[in-house]
Amino acid sequence: MASNTSSNGIFCVELPPKVNSIGILGTDGVREHEVKVDQVMSYSLPRLELEIVLIFVLSQVCHLLLKRAKTPIFVSHMIAGLIVGFVMHEIIPDGDKNKMSSSESNAIVMGSMASFGYSLYMFINGVKMNVSMIKKAGTTAISIGIFPVLIPMMILPIFKYNDSLTSSTMFAATTYSLTSFPVVADLLRHLKIINSELGRLALSGALVGDLLSLFLFTASALLKIWKDMANASQTLINLIINISLFIVVVVLVLRPIMYWIVRNTPEGRPVKEIYVYFVMLSFMGTAMLTLAFGQFLLFGPFVLGLIVPSGPPLGSALEKKLDAMVSGLFLPLFVASATMRVVIFSKLPSSKTNIDKLPNTELIFLAMLVSKFVVTIGISRYSNMPKHDALALSFIMSSKGIVELGWYSFLSDQEIIQQKLYNWMVFIIMGIATLVPILVRIFYDPKRKYAGYQKRNIMSSTLNSELSIVACIHVPNNVTAIINLLDVSSPTRESPISLNVLQLVKLSAQSSPIFITHQLEQHAPSKHSYSENVIFSFKQFECKHNGNVTLSAFTAISPDDMMDEDICMLALDKHASFIILPFHRRWYNNGSIESDDHAMMELNWSVFERAPCSVGILVDRGHIRRPTSIIGTTTRSTQNILMIFFGGADDREALTFAKRMAQDHMVKLTVLCIHGMQRDANSASWERILDFEVIKDVKNSLNVKYIEEEVSDGHIVASLLRGMVNDYQLIIVGRQFGVDCPQTYGLKEWSEFSELGTIGDLLASTDFYSNICSVLVIQQQILSENMR
């Protein structure tokens, strides 16, 4: 055993180490002698297991209490660490501390495990970062990335007059102006605005700022070594040579190998396991080299992560294997272990010098933080950003989180900052991480720009005018269904369609969402590229209609629960009147369920709630056929379409869309108008007048078959529809959002898909599958109160 006094920062280590205890019952499972709990806790593995359990239980309890305030779980991990640390530092008697997890040897075990997890976290975030975004970053994003980092550092010379401020303090102060991309990305993901306009700007600025911050932090560490160490010049030269060689090997050797792996993996196929193991070995090697060079732990793994191609196949494979383990196990342990070191009621050495320095240090840190905030606001306002958005962006760029906590842990380990200063920094991080999400929500609401202050629906577009449509594609099956629907929508020279096709792809192994505008050159279909095949299919559709359809194609790569932002933003930018969404469930020909995507269902709900125009959900049963000539013949097929009209804004919108279809003489439209047995006493209400106006020309039309029925309740409606729908390939209904319709009483209680409305749900149910018809459910744009 090696023994030294802890006052010099040296502690006792027992060799061989005591890892596995003999258990409560003794060696053979028989209680041969009394074994106390504190004896079991003298072994490192039981202590580590106990600490992990305490941290996770406390974290979940804290998060359960704080999640109503939308507080990030990162804060709950910090609180759990503070509680465990408080118990170890303040409550347990001094004589018992060597028996519990506050012992120095156990701190090494917990610290090593947490540090390994932190390096994995930085590696994965490096993999998710798309460095090529810098090339596409605008002037505003680059300015927000650079100047809020550099300008605060320029105020440091103001404090040089105070001789009590050491170079270590000044070095630590620079970290308050640095920007961390992982922290900003986690915050935006937590707020669900990562693919909003503000979120994309913040990510681009954070990417620029993070790379600049990494360079400045490394340079500052090297300068401090040159200033503080004896024989520093030679040490500094050796470090610079080592770091340069490390970067050269990573960029010129490992990076080409990574891209070779990607090129040799067929599109759509998973990467081979041996390649994943090679990358993990490279990660281990870079972490060891970083520590050997005396650099911050994140440097090597983070740089390696940056050169790994983000997205599939390699980046997504690494994320799939590591992300859950890192975010679920290692990250909470690192945050908790870093905050466990905080001494809440100071039992520090009574050094008057240290205490006197702290107020001046607080002033420096506060000045750095405020100047960063002010500079970000100034740049944002100079770029004509609205005041509330500028404030929200400034809070986002000033946020602090796990990366800063790692920096300060490193500075504390290297004795660059003292314990009292470390305590203060941890509490500042926790305060900022708690308040920033609340303040951003106050100043920035992404739904605000979608408020319906301007009519953008099908009814506001006349029959002989262009109809702007956004069609969303999730899977290849959606392509044929939507093309067939648009084909029966009768695009003509007098009433053309402006079609905006949006492919929705789940974000994988990347932090930054991507929005791609495709160039529509004529290409042959590819055997491998799903995206190219989608574009080719719609390009063929455009060419077939010879100028009656104008096509634009886009791809949005973003998280499942944030795709509604991409859809609504595109509809707003393109002044669309109608969004077409695929239904989340698909069936086989025999009626059994092929797939049921819950995330797509949630997406459809979100689009209904915030869309800046009308929305339709297409329930595809594969029986819509194009009313066009069969190749090689002159024969044309007739489409039988049924529109069910009860009344209300959604039904009027659905009928208007059906009228567009009826302009083609090969489309046979039937309108079924269903009334209650007892008409509303207030039959002259404004809604009734609007219903009468939209349906009166249908009654007198020679191209439309009009049927009127009176029913008493929903059961009669169900029987009526069951006897009719066999004759139609497509049924169009309104969602009847906010309408209490007496004709459907008794049906709502059995509703399975409430997003389709009562009638849409009935038609999409398995009871109606034998009718083999597709269903289009339409909701009219929800206008703000002052527009109604």
Side-chain angles (χ1 to χ4, degrees), residues 452 455 457-461 463 577-578 608 613-617 619 641-662 669-701 704-722 724-725 728 730-751 753-764 775-783 785 787-788:
K455 288 185 178 181
N457 51 48
I458 303 173
M459 287 189 66
S460 63
S461 302
L463 287 178
S577 300
F578 192 37
F608 268 139
C613 61
S614 298
V615 183
I617 291 184
V619 183
I641 298 175
L642 174 65
M643 193 277 146
I644 305 173
F645 188 88
F646 288 90
D650 294 345
D651 281 10
R652 293 193 294 269
E653 188 79 355
L655 180 57
T656 304
F657 189 66
K659 288 179 182 179
R660 276 187 168 264
M661 295 180 173
L669 175 64
T670 300
V671 176
L672 174 62
C673 185
I674 300 179
H675 298 294
M677 296 294 290
Q678 304 226 349
R679 300 295 178 91
D680 190 352
N682 188 18
S683 59
S685 67
W686 181 246
E687 286 294 317
R688 288 288 183 184
I689 294 173
L690 293 176
D691 291 343
F692 175 78
E693 286 297 320
V694 79
I695 208 170
K696 68 178 181 180
D697 59 334
V698 173
K699 293 182 179 181
N700 303 320
S701 175
V704 180
K705 181 180 179 181
Y706 180 76
I707 303 174
E708 195 166 306
E709 295 284 348
E710 288 188 350
V711 298
S712 58
D713 58 33
H715 297 290
I716 298 177
V717 170
S719 299
L720 175 65
L721 296 181
R722 189 174 285 109
M724 294 181 64
V725 294
Y728 301 95
L730 174 66
I731 299 179
I732 304 175
V733 297
R735 188 181 175 222
Q736 296 183 312
F737 175 71
V739 176
D740 189 11
C741 183
Q743 298 95 300
T744 59
Y745 284 159
L747 295 179
K748 190 173 183 180
E749 290 76 8
W750 301 95
S751 178
F753 311 115
S754 55
E755 71 270 24
L756 298 180
T758 304
I759 300 300
D761 171 77
L762 177 68
L763 295 170
V775 182
L776 179 64
V777 180
I778 296 178
Q779 174 184 283
Q780 191 180 61
Q781 175 195 18
I782 301 176
L783 296 170
E785 292 295 331
M787 286 292 295
R788 294 180 179 176

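Any value given below was found using the heavy atoms of this structure, including those in side chains, with hydrogens, waters and symmetry copies removed.
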Just do the side-chain contact (heavy atoms from CB on, under 4.5 Å) check on Ile617 and Phe753 with the steps written out, would you? CA-CA 12 Å; Ile617 291 184; Phe753 311 115; over 6 Å; no

Can you check side-chain contact (heavy atoms from CB on, under 4.5 Å) on Leu672 and Leu720, steps first, answer last? CA-CA 10 Å; Leu672 174 62; Leu720 175 65; 4.2 Å; yes

Dump the intermediate steps for side-chain contact (heavy atoms from CB on, under 4.5 Å) on Glu693 and Arg652, then the final yes or no. CA-CA 10 Å; Glu693 286 297 320; Arg652 293 193 294 269; over 6 Å; no

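Residues forming a ring-ring contact (aromatic ring centres under 6.0 Å, His included) with Phe657 (at least two apart in sequence, or on another chain): Phe578. By the side-chain hydrogen bond (donor to acceptor under 3.5 Å, both in side chains) test, Ser460 pairs with Asn457, sequence neighbours left out. Under the ring-ring contact (aromatic ring centres under 6.0 Å, His included) criterion, Phe608 pairs with no residue at all, not counting sequence neighbours.
Heavy atoms only, all atoms of each residue included: Leu730 and Met661 are closest at CD2-CE, 4.0 Å. Taking both residues in full, the closest heavy atoms of Leu655 and Val694 are given as CD2-O, 3.6 Å, listed atom of the first, atom of the second, then distance. The two residues Gly734 and Asp651 have their closest heavy-atom pair at CA-OD1, 3.1 Å. For Ala654 against Ile778, the heavy-atom pair with the smallest separation is CA-CD1, 3.8 Å. Nearest heavy-atom pair, Leu756 versus Ala764, reported as atom, atom and distance to 0.1 Å: CD1-CB, 3.7 Å. Closest approach of Cys673 and Ile695 over heavy atoms only: SG-CD1, 3.8 Å.
Side chain of Asp761 to main chain of Ser754: no donor-acceptor pair is present (N/O by atom type, distance under 3.5 Å, no hydrogens or angles). In this structure a side-chain-to-backbone donor-acceptor pair under 3.5 Å is present from Asp691 to Gly648. Looking at Lys659, its side chain never comes within 3.5 Å of a backbone N or O of Val698 through a donor-acceptor pair. Under a 3.5 Å cut-off, the side chain of Glu653 and the backbone N or O of Ile458 do form a donor-acceptor pair.
Asp697 places none of its side-chain heavy atoms less than 4.5 Å from the side chain of Val704. Phe646 places a side-chain heavy atom less than 4.5 Å from the side chain of Val717. Counting heavy atoms from C-beta outward, Thr656 and Arg660 have side chains that stay 4.5 Å or more apart. The side-chain heavy atoms of Leu721 and Ile759, taken from C-beta on, include a pair separated by under 4.5 Å. Residues Leu763 and Val777 form no side-chain contact, since every pair of their non-hydrogen atoms from C-beta on lies 4.5 Å or further apart.
Here the straight-line distance linking atom CD1 of Ile782 with atom SG of Cys613 works out to 11.0 Å at 0.5 Å rounding. Taking OG1 from Thr758 and CZ from Arg735, the interatomic distance works out to 10.0 Å, rounded to the nearest 0.5 Å. Annotation: the span from Ile731 atom CD1 to Thr670 atom OG1 amounts to 10.5 Å, rounded to 0.5 Å.
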